[in-house]
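First the structure, in the form of structure tokens, and then the observations on it.
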Amino acid sequence: MIIAANLKTNLTRHETASYIEEVNRCALASKQDVLVFPAISSLDSFDTKVEVGTQNAYPTQKGAFTGEIGLEQLDEFGIKIILIGHSERRHVLGESQEFIAQKFRYFKSQGFKIVYCVGEPKAKREAGKAEMMEYIAAQYAGIDTEYENLIIAYEPVWAIGTGLTPTLEDIEDIHAELKKKSSAPLLYGGSVKVNNIKDVLSVKNVDGVLVGSAALYAEHFCTMIQYADEIESNN
Ligand code: PEP
């Protein structure tokens, strides 16, 4: 399974290095694929089993894009994984589907592993399944769903950082729908934590998780990695 941590705008460079060192010890003892997305200022060349990716980058090699980083800055550290379409970039930072698709095309052309996030806000969830699925379908516009290095993360916007989660039945239902769109590994994300990860990972068509706040403590994230191993060995 794929167990991924999005550290968002948290931890200093020094704290991140210690975090990755600790998580790497757990990853080495585990069968899971462990990914960590630190803040951009904490990127570095990590010689670890843990795969380190960037939370964002501009679709360019280099150039006049103030405040952004491009391929040249990622290449410096050998970073080949990127998170694209995260709800905070869509809804807080205002990225359009068109721009997201442009990023996708660029980083696909560079062979990056792409963790591509989709998910509906609360109003769309409440509008009923048909409208919700239509909303999510629009987030696949311009995305190559057959890209070999694609991982999709289903993350309902209303579940991110709120402590709320869909029911396990709802996760199963939506993942079944999303698997019809792409056979890429499909993660669930949104308020996953130590005390619900086992349930979430047991749901059909859940190939892993993307964890935000609950992954901020290496010890907690390690417990989640161990739980994934336990679930896999029980199956
Ligand atoms: C995320 O940011 O991708 C996420 C899932 O956050 P949280 O686990 O805090 O809901």
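All ligand and atom numbering here is 1-based and tracks the order in the structure. Please read these numbers as outputs of a predicted model, since none were measured by experiment.
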Per-pair distances, 0.1 Å, donor-acceptor, side chain in residues 225-235, under 3.5 Å, sequence neighbours excluded:
from   : atom 1 : to     : atom 2 : distance (Å)
Asp229 : OD1    : Ser30  : OG     : 3.3
Asp229 : OD1    : Lys31  : N      : 3.1
Asp229 : OD1    : Gln32  : NE2    : 2.6
Asp229 : OD2    : Ser30  : OG     : 3.0
Glu230 : OE1    : Lys198 : NZ     : 3.1
Glu232 : OE1    : Gln32  : NE2    : 3.2
Glu232 : OE2    : Met1   : N      : 3.1
Ser233 : OG     : Asp229 : O      : 3.2
Ser233 : OG     : Glu230 : O      : 3.0
Asn234 : ND2    : Glu230 : O      : 3.3
Asn235 : ND2    : Ile231 : O      : 3.4

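Side-chain contact between Glu120 and Trp158 is present, with at least one heavy-atom pair separated by less than 4.5 Å. Considering only heavy atoms from C-beta on, Tyr19 stays 4.5 Å or farther from Pro38 through its side chain. By the 4.5 Å heavy-atom criterion applied to side chains, Ile143 and Ile114 are not counted as neighbours.
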Start with the C-alpha distance between Leu71 and Gln110, add both sets of side-chain angles, then the distance that settles side chain to side chain contact (heavy atoms under 4.5 Å, CB included), and finish with yes or no.
CA-CA 9 Å; Leu71 193 62; Gln110 301 300 324; 3.4 Å; yes

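With rounding to the nearest 0.5 Å, the separation of NZ in Lys108 from CD1 in Ile84 is 12.0 Å.
In this structure, the ring of Phe99 has its center less than 6.0 angstrom from the ring center of Tyr58.
Short contacts between ligand 1 and Leu210, defined as distances under 4.0 Å to a heavy atom of the residue, involve ligand atoms 3 (O), 5 (C). Proximity to Ser191 (heavy-atom distance under 4.0 Å) selects the following atoms of ligand 1: 7 (P), 8 (O), 10 (O). If you number the atoms of ligand 1 from 1 as listed, the ones under 4.0 Å from a heavy atom of Gly190 come out as 5 (C), 10 (O). Heavy-atom contacts of Gly161 reach the following atoms of ligand 1: 7 (P), 9 (O), 10 (O) (cutoff under 4.0 Å).
Not one N or O of Thr162 is nearer than 3.5 Å to an N or O of ligand 1, by distance alone.
Only the side chain of Asn6 comes within 4.0 Å of ligand 1, counting heavy atoms alone; its backbone N, CA, C and O stay farther away. By the criterion of a heavy-atom distance under 4.0 Å, the backbone of Ala159, and not its side chain, is placed next to ligand 1. At a 4.0 Å heavy-atom cut-off, ligand 1 touches His86 through the side chain alone.
Among protein heavy atoms, atom 8 (O) of ligand 1 sits closest to Gly212 N, 2.8 Å. Closest to atom 9 (O) of ligand 1, if we only count protein heavy atoms, is Ser213 OG, 2.6 Å. With respect to atom 5 (C) of ligand 1, the closest heavy atom belonging to the protein is Glu155 OE2, 3.0 Å.
Heavy atoms of Lys193 stay at 4.0 angstrom or farther from ligand 1.
A donor-acceptor pair under 3.5 Å is absent between the side-chain atoms of Lys124 and the main chain of Tyr135, judged by distance alone.
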